[in-house]
Amino acid sequence: MFLEFKKEVERVLKEALEKASYEYKGVDLEESEHADLASRIAFSLARPYKKSPAIIAEDIVNHLAIPVENTLIADAVAVGPYINFFVNDSFLQKTLQAITGEIAPPEEKREKIILEHTSANPDGPLHIGHLRNAIIGDVLVRVLKRAGYEVETQYYLNDMGRQIAVVVWGAERLAYDETKKADHAVADVYIAANRMLEENSELLDEVGELMRRYEAGNEEVVQKYEAAVQKCLSGIQTSFERLNIQQVVFVWESEFARRGAVKEVIEELKQKGDIKREGAAILLQLEGIEKALVIQRTDGTSLYTTRDLAYHRWKGKNCDRVIDVFGKDHELVSQQLAKALELLGVKSPEFVIFAFVSLPSGSLSTRAGRYISADELMEKIEEQAYTEVDKRRSDLDESKKREIARKVGIGALRYDMVKVSPDKHIVFDFDDALDIEKKGAPFIQYSHARAYSILRAAEEKGYAVSEDYNAALLKEPSEIELIRKLSKLGNIIEEASANLKVHQVAKSARELAETFNLFYKDCPVLTAEAELRKSRLALVDCALIGLRDVLDVLGIEAPDEM
RNA sequence: GGGCCCGUAGCGCAGUAUGGAUAGCGCGUAGGCCUCCUAAGCCUGAGGUCGUGGGUUCAAAUCCCACCGGGCCCGCCA
């Protein structure tokens, strides 16, 4: 509803500006603590018209014609240089009526987007760095879908790199520990194999031999590669499910190699690009990037970046927008990718780059075994959540407590990852991550549980939520504030999808919960007089829907009690 | 050395795209609130040279320049 209000304010303001004969560029509207919407336009008119901003603001307000009926605006006043607009009762009423299910049901279909996230190498379990990628990506997918886009989520599976050769080589000497989760068993072998190779460098030839046989299409080797990748992948999928990551399509890198797409890309770049040769190696000089990009090795084999190029060319041809969620370490690669795609005449991706997650002891490395796995973290955080639930709700049975602990634990983890701007480098501290009592997600989930409990109690007393209520009775500041916040949910999705900034959604979710808590404290529902009770019940119902929905955008489950 | 990013209260952050109303929030800290729908809540304090120095502007955390501190990256790894 807020968007409609904003549009009307814009229209009315423009009419007034014309009537008062001001020439203007924009109407300069902002959300404000002093009003529902405020305009700063008087500042920019002050210089050309040689009058003080306050006088201009006053003048504009005098020319304002707020419609008498069928309007969302209650009033507009000049406060110094600012013009403050306020919503009316019908705005509040319409906001509540409009909340029936999901945020801003997308009326028109927008473009198709292929969004890539995580794409971790299948040489071990997801670690906390991948977690940041996966969760930012997943929330972005949810936001874009709500904004009306058709989104396909892809995970690019690097199934032909050197690290898979090392896993295959290692698996021939060391057995997988079948008692372990598959991806962890793969990591054990990978780490042990790397150690053996470090200690005994002549063994490296054997890995090289494996790689040559793979490239040559040796069936036995190809099959071993696939088996290793598949094994690891099954473990990663399990982690995704536990994390509540929405469905992703795994795209196998080797597909593109087999289809000949990589060769096509090299040929095309040779024709269109600024090519340098060093022996059999082929280098591509890209405009504005100092370092040339190697697109073919001296031994004639392809590189990751070239294969990635083939993949991106395919993506670009199969959708309207390509979005990649990449780590900061891939920033240069992403620029090269974009330039090379430009050469190929394919649309370039939009990048969401997030800064690194490191441990107090330094950077993460799967190869060195220096990482904290997503599974370990989920395990511990759910356990921590369980002790918190148990502390408060010893009345609940075991399975219920476990269920709440799972929702709270995973929720806290997801919120933690998404609440910070992707630009910020994170030093992961285990104790801090586990300190979920005061964390964002449980706070929001708790508000939801409180709303639910009011409705549950109301039902027991025979007070049904009905459409038949008088919104005009909701006059308490905390009631109005809650409705205002609810009215902005659609706007929040719209902005987050336009900016590809998911941490703003996390912040808004928290603010909505905060506002609900104030209402909860100030406005008794069940003991209120009958008509007011009906209105408040309707408001609680709307808040419940809003809270659940905004949590869902964050991929966080909403417990009915906690 | 070069490119990109970060620097805001003891700690962790929002605000910077589009400069404007007393710079917000969480944790921690000092204190207060459960005869009343769940206290994982609410309220009141203390705590700030917005890294430093210049510049632009009526107005700078926000824009420009330089510097300091930290991170990531810099041709045949992925």
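Residue numbers begin at 1 in each chain, while the letters A, B, ... track the order of the sequences.
With RNA chain B read from its 5' end, the first of the two nearest nucleotides for A:Glu388 and A:Ile454 is the one closest to A:Ile454. Taking the nucleotide of RNA chain B with the nearest heavy atom to each of A:Val420 and A:Ser363, the more 5' of the two is matched to A:Val420.
Residues meeting the salt bridge (charged side-chain N to carboxylate O under 4.0 Å, His left out) test with A:Arg297, sequence neighbours left out: none. Qualifying side chain to side chain contact (heavy atoms under 4.5 Å, CB included) partners for A:Glu198, counting only residues two or more places apart in sequence or in other chains: none. A:Tyr520 is linked by a side chain to side chain contact (heavy atoms under 4.5 Å, CB included) to A:Arg450, A:Ile454, A:Phe516, counting only residues two or more places apart in sequence or in another chain. Residues satisfying the side chain to side chain contact (heavy atoms under 4.5 Å, CB included) test with A:Glu253, not counting sequence neighbours, are A:Tyr156, A:Asn158, A:Asp159, A:Met160, A:Tyr304, A:Arg307.
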5' to 3', nucleotides 2-7 of chain B under a 4.0 Å protein heavy-atom cut-off (B base, S sugar-phosphate only, - none) gives --BSSS

Would you mind building the protein contact string for nucleotides 20-28 of chain B? One character per nucleotide, 5' to 3', B for base within reach (heavy atoms under 4.0 Å), S for sugar-phosphate only, - for untouched.
BBB---SS-

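The pair A:Arg406-A:Glu403 does not meet the salt-bridge criterion, since no charged nitrogen lies less than 4.0 angstrom from a carboxylate oxygen.
Annotation: proximity of residues 498-505 of chain A to RNA chain B (heavy atom, distance under 4.0 Å) is found for A:Asn499, A:His503, numbered in ascending order. Residues from residues 521-536 of chain A that place a heavy atom under 4.0 Å from any atom of RNA chain B, listed by number: A:Lys521, A:Cys523, A:Pro524, A:Val525, A:Leu526.
At the phosphate of B:G41, neither OP1 nor OP2 sits under 4.0 Å from any side-chain N or O atom of A:Asn517.
Rounded to an integer number of Å, the gap from NZ of A:Lys391 to C1' of B:A40 is 9 Å. In this structure, A:Lys507 places its NZ atom 11 Å from C1' of B:C13, rounding to the nearest Å. Across the protein-nucleic acid pair, A:Leu293 atom CG and B:C74 atom P stand 12 Å apart, rounded to whole Å. A:Asp432 has its CG atom 14 Å from the P atom of B:C11, to the nearest Å. The nearest whole Å value for the distance from the CD atom in A:Glu561 to the P atom in B:C37 is 16 Å.
At a threshold of 4.0 angstrom between heavy atoms, the contacts of A:Val540 with the nucleic acid are absent. When heavy atoms are screened at a 4.0 angstrom cut-off, A:Leu284 is found touching no nucleic acid atom at all. Within 4.0 Å of A:Glu511, counting heavy atoms only, lies no atom of the nucleic acid at all.
Atom NZ of A:Lys7 sits in a sparse spot, with 12 or fewer heavy atoms from other residues, nucleotides or ligands closer than 6.0 Å.
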Any N/O pairs under 3.5 Å between the protein and nucleotides 76-78 of chain B? List them or say none.
from, atom 1, to, atom 2, distance (Å)
B:C76, O3', A:Arg297, NE, 3.4
B:C76, O2', A:Arg297, NE, 3.3
B:C76, O2, A:Thr298, N, 2.9
B:C76, O2, A:Thr298, OG1, 3.2
B:C76, N3, A:Thr298, OG1, 2.8
B:C77, OP2, A:Arg297, NE, 3.3
B:A78, OP1, A:Arg297, NH2, 2.9
B:A78, OP2, A:Tyr304, N, 3.3
B:A78, O3', A:Asn158, OD1, 2.6
B:A78, O3', A:Asn158, ND2, 2.1
B:A78, O2', A:Asn121, OD1, 3.1
B:A78, O2', A:Asn121, ND2, 2.7

Full working for side chain to side chain donor-acceptor pair (under 3.5 Å) between A:Glu255 and A:Tyr311:
CA-CA 9 Å; A:Glu255 282 264 322; A:Tyr311 170 50; over 6 Å; no

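Spacing between B:C5 and B:A17 at atom C1', rounded to whole Å, works out to 15 Å.
Applying the ring-ring contact (aromatic ring centres under 6.0 Å, His included) test to residues at least two apart or on different chains, none of the pairs has a partner in residues 400-426 of chain A. Listed by first then second residue, pairs satisfying salt bridge (charged side-chain N to carboxylate O under 4.0 Å, His left out) with a partner in residues 457-466 of chain A number zero, not counting sequence neighbours.
Remark: RNA chain B forms stems of 3 or more consecutive Watson-Crick or G-U wobble pairs, all pair distances under 3.5 Å, at B:1-7 with B:68-74, B:10-13 with B:24-27, B:29-33 with B:41-45, B:51-55 with B:63-67.
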